[in-house]
Chemist: 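Below is a structure I'd like to ask you about.
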Amino acid sequence: NTAVWDGVYMQNPYHYGGLFSVFNLSLVDRISFYTGAFPAVYGNALSSVLRIDNRAGDLEKFKGSATIGIVNSGLNLEVPLGLLDGSSLIIGARRTYYDLLLKLLIKEPGIVFPYYYDVQGNVRLKSGDDIFVLSGLYSFEDLNITADVPVKNAGQDRETPVVAALAATRSPTISFQWRHMESRMSYFDFDIGGIKTYSKEDLDVDMGDYSTGKINDRWIYYFKYYNY
């Protein structure tokens, strides 16, 4: 499946293998889902295309909102910038909180406390027939496991060694879009964006270390130009 966020092809738009999405729905303007007969711009898609377009911030007044859910809570802000023919800033952040509550209630080793957070927003400028949008998304997830387990070492059973596992993934994404209206019925879009995914896993057993990381530890860029 192909997921496109403000012109950027997302490699893994989910937390924990698909349990939660990295997209803040409070900032989304439109979601389009194609299962076949893709538009020409997505001609290289194999099975389906999920397109997510973010909305612009309010052009006239400052706004703020907060959300509280079962899994996460968030804060959103919209700020009119008063530049050119219309400009705005919108930004939202959210984080899980159950891990913070569990740490206060449960002190036993071996308990898993996963958590994630996302920060997403954009700046939009309008000048005549041109619209410029700079968008950014940063997602992070973490999974920690600590447990006292029996480990055999030099032929002797030991009950005290600690096994500690850490898995963390972070993905910064940036997108720049330029739309020029040639007429009421015709326009062209210019999109350029990049995404970088960094994953790291650490395992410590009885004072031994195992570590792997730097998965896709480089920027991957996308460029699109199309006329309607």
Side-chain angles (χ1 to χ4, degrees), residues 1 3 5-6 10-29 31 50 52 54-55 57-58 62-79 89-122 135-151 158-174 195-217:
N1 298 334
W5 175 86
D6 271 6
M10 305 290 290
Q11 295 178 312
N12 183 23
Y14 307 103
H15 290 295
Y16 305 120
L19 292 179
F20 308 103
S21 167
V22 301
F23 307 119
N24 188 340
L25 295 181
S26 300
L27 276 64
V28 171
D29 177 46
I31 297 177
L50 176 66
I52 299 95
N54 288 322
R55 66 183 180 90
D58 195 282
F62 175 88
K63 288 184 178 180
S65 62
T67 60
I68 300 177
I70 299 176
V71 175
N72 59 61
S73 297
L75 179 66
N76 307 312
L77 297 176
E78 301 179 43
V79 183
L89 165 68
I90 184 171
I91 187 170
R94 60 178 187 170
R95 190 196 188 283
T96 54
Y97 58 86
Y98 55 81
D99 60 301
L100 302 177
L101 298 177
L102 290 176
K103 287 180 180 179
L104 297 176
L105 300 175
I106 303 175
K107 303 296 185 179
E108 295 295 327
I111 303 300
V112 180
F113 297 113
Y115 76 93
Y116 69 82
Y117 65 83
D118 306 301
V119 181
Q120 176 180 331
N122 68 65
S135 305
L137 168 63
Y138 184 88
S139 65
F140 177 87
E141 66 181 51
D142 188 24
L143 177 64
N144 290 294
I145 304 175
T146 302
D148 291 321
V149 296
V151 176
R158 300 175 58 187
E159 301 293 336
T160 56
V162 174
V163 174
L166 167 65
T169 302
R170 60 178 182 267
S171 296
T173 307
I174 190 169
I195 182 171
K196 178 179 180 180
T197 301
Y198 179 86
S199 298
K200 185 173 180 61
E201 299 176 359
D202 291 303
L203 177 63
D204 298 333
V205 182
D206 194 27
M207 303 303 293
D209 296 329
Y210 167 77
S211 175
T212 181
K214 295 186 177 181
I215 300 175
N216 293 328
D217 187 24

Chemist: The criterion is ring pair (Phe, Tyr, Trp, His ring centres under 6.0 Å); which residues satisfy it with Tyr116, sequence neighbours excluded?
Modeler: His15, Phe20
Chemist: Got a sec: does the CG of Leu101 have more than 12 other heavy atoms crowding it under 6.0 Å?
Modeler: yes
Chemist: Which atom names give the shortest non-hydrogen contact between Ser65 and Leu75, and what distance separates them?
Modeler: O-CD1, 3.3 Å
Chemist: To the closest 0.5 Å, what do you measure between CG (Asn122) and CG (Leu89)?
Modeler: 7.5 Å
Chemist: Can you tell me how far apart CZ (Phe62) and CG (Leu77) are? Round to the nearest 0.5 Å.
Modeler: 5.0 Å
Chemist: Can you confirm whether Leu105 is buried at CG, in the sense that more than 12 heavy atoms of other residues, nucleotides or ligands lie under 6.0 Å from that atom?
Modeler: yes
Chemist: Does NZ or CZ of Arg95 lie under 6.0 Å from the centre of the six-membered ring of Tyr115, at an angle within 45° of the ring axis?
Modeler: yes
Chemist: Using every non-hydrogen atom in the two residues, find where Gly92 and Leu27 come nearest and quote the distance to one decimal.
Modeler: N-CD2, 3.7 Å
Chemist: How many angstroms lie between CD1 in Ile52 and OG in Ser135, if you round to the nearest 0.5 Å?
Modeler: 12.5 Å
Chemist: To the nearest 0.5 Å, what is the distance between OG1 on Thr67 and CG on Asn72?
Modeler: 6.5 Å
Chemist: What heavy-atom pair brings Gln120 and Asn54 nearest, and what distance separates the two atoms?
Modeler: NE2-OD1, 2.8 Å
Chemist: Please test Ile90 against Arg55 for side-chain contact (heavy atoms from CB on, under 4.5 Å), starting from the C-alpha separation and ending with a verdict.
Modeler: CA-CA 8 Å; Ile90 184 171; Arg55 66 183 180 90; 3.6 Å; yes
Chemist: Quick check for you: to the nearest 0.5 Å, what is the distance between Asp118 atom CG and Phe23 atom CZ?
Modeler: 9.5 Å
Chemist: Quick one: pull up CG in Asp6 and OG1 in Thr173 and give me the separation to the nearest 0.5 Å.
Modeler: 10.5 Å
Chemist: Check for a donor-acceptor pair, side chain of Glu78 on one end and backbone N or O of Lys63 on the other, with a separation under 3.5 Å.
Modeler: no
